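Okay, so here's the structure we're looking at.
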Amino acid sequence: AFVAQAADRRAICYATANALRAEAASLVPKFADYWKEQTGRSPARLLFDSRATTYAGLNQLTERQVGFITIRRRGPGMLARVARLSADHWRHCQITQAKGRRRRVQYVDELVRLDGYEGELRQLVVTGLGHESPTFFLTNDREATPRALVFKANDRGDEENLIAQLKGGVHALRAAVDNLVSNWAY
């Protein structure tokens with residue numbers, strides 16, 4: 001299933017439960033097109049799981065001037081490289097999480113090149129979010145502070161919890177639906 005929620009409200013504005021594995025990589029650019037059809041403008045920023053598109057899909061979003069933050073899948077080579085970074089590479093900031101809980105995190109802010117993406121993407125490698133391994137965030141936003149990006153991306157977990165509750169509690173997303181009228185949920 002692919003579900004989208006508007007950032008300024010709790011309503012789910014788009015959902016499709018009948019996405020095939022072969023189509024998964026095109027879900028985010030497809031949603032950006034849908035949003036533009038409905039509103040007349042591209043979405044300002046999308047937050048999504050890395051499985052919802054490819055690096056080429058990220059490139060399409062950048063070409064359409066759609067901002068994004070996603071979590072990059074980490075491999076053993078990436079983890080080994082980060083483990084070798086000296087202490088002077090790491091910066092610190094404090095973020096506020098759900099229920100006002102504050103967490104001090106460490107991050108490395110760097111530019112990376114990826115196959116299928118033209119140019120460089122900003123990558124934030126973050127520790128201290130409560131996970132055993134570092135989290136790798138990718139974004140095309142070069143202006144926002146690392147703190148703002150980590151806060152926004154980490155906040156996405158609240159939305160995932162809401163979706164999990166809907167799926168498990170009321171079974172609202174079990175039906176195969178793919179049009180706007182049947183996708184509005186309050």
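From a predicted model like this one, the values you see are computed outputs, not experimental measurements.
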Answer yes or no: does atom CZ of R142 have more than 12 heavy-atom neighbours from other residues, nucleotides or ligands under 6.0 Å? yes
Pairwise side-chain contact, P29 with R64, heavy-atom cut-off 4.5 Å (strictly under): yes
Is there a path of hydrophobic side-chain contacts, each under 4.5 Å between heavy atoms, that joins L124 and L129? yes
Min side-chain heavy-atom separation R45-I69 under 4.5 Å: yes
Answer yes if L85 and F136 sit in the same cluster of Ile, Leu, Val, Met, Phe, Trp and Tyr residues linked by side chain heavy atoms under 4.5 Å apart, and no otherwise. yes
Measure the acute angle between the ring planes of F68 and F48, then classify it against the limits of 30° and 60° as parallel, tilted or perpendicular. tilted
Would M78 end up clustered with V82 when hydrophobic side chains under 4.5 Å apart are linked, directly or stepwise? yes
Checking side-chain contact (heavy atoms from CB on, under 4.5 Å) for the pair N140/Y117: CA distance, chi angles, key distance, verdict? CA-CA 11 Å; N140 57 358; Y117 189 90; 4.1 Å; yes
Closest non-hydrogen contact found for R113 with G119 is NH1-O, 3.5 Å
pair L114-L138: side-chain heavy atoms closer than 4.5 Å: yes
Quick check: closest heavy atoms across T39 and R41, and the distance to 0.1 Å? OG1-O, 2.9 Å
The reported gap from CH2 in W90 to NE2 in H92 (rounded to nearest 0.5 angstrom) is 9.5 Å
For the student: nearest non-hydrogen atoms of L47 and A153, plus distance: CD2-CA, 3.7 Å
Provide the closest heavy-atom pair for G116 versus N59 in the form atom of the first, atom of the second, distance. O-CB, 3.7 Å
Does the pair V126 and Q106 meet the rule for a side-chain contact (heavy atoms from CB on, under 4.5 Å), with working shown? CA-CA 6 Å; V126 183; Q106 294 184 77; over 6 Å; no
Decide yes or no for F31 and L46: does some side-chain heavy atom of the first lie under 4.5 Å from some side-chain heavy atom of the second? yes
Consider only side-chain N and O atoms of R72 and Y55, and report whether a donor and an acceptor are under 3.5 Å apart. yes
For T135 and V150, run side-chain contact (heavy atoms from CB on, under 4.5 Å): C-alpha distance rounded to whole Å, both residues' side-chain angles, the deciding distance at 0.1 Å, then the answer. CA-CA 10 Å; T135 302; V150 170; over 6 Å; no
Side-chain donor-acceptor pair present, T127, Y107, cut-off under 3.5 Å: no
Shortest non-hydrogen contact from V66 to A32? CG2-CB, 4.4 Å
Just by modelled atom types, is the V28 backbone N or O under 3.5 Å from a matching donor or acceptor in the T53 side chain? no
If you count the non-hydrogen atoms of other residues, nucleotides and ligands that lie under 6.0 Å from CD in E118, is the total more than 12? no
What is the minimum heavy-atom distance between R74 and P134, and which atoms define it? NH1-O, 3.0 Å
Is it true that, when you exclude E143 itself, more than 12 heavy atoms of the residues, nucleotides or ligands shown sit nearer than 6.0 Å to its CD? no
Assess the side chains of Q94 and R103: does a donor N or O sit below 3.5 Å from an acceptor N or O? no
pair D109-R91: side-chain heavy atoms closer than 4.5 Å: no
Same cluster for V108 and I95 if Ile/Leu/Val/Met/Phe/Trp/Tyr side chains link at under 4.5 Å? no
F137 and V125, any side-chain heavy atoms less than 4.5 Å apart: no
Note, Q123 side chain near L121 side chain (heavy atom, < 4.5 Å): no
Is it the case that D141 and T139 place a side-chain donor and acceptor less than 3.5 Å from each other? no
V105 and L79: same hydrophobic cluster, using ILVMFWY side-chain contacts below 4.5 Å? no
Could you tell me whether a side-chain N or O of R147 sits under 3.5 Å from a main-chain N or O of A144, the two making a donor and an acceptor? no
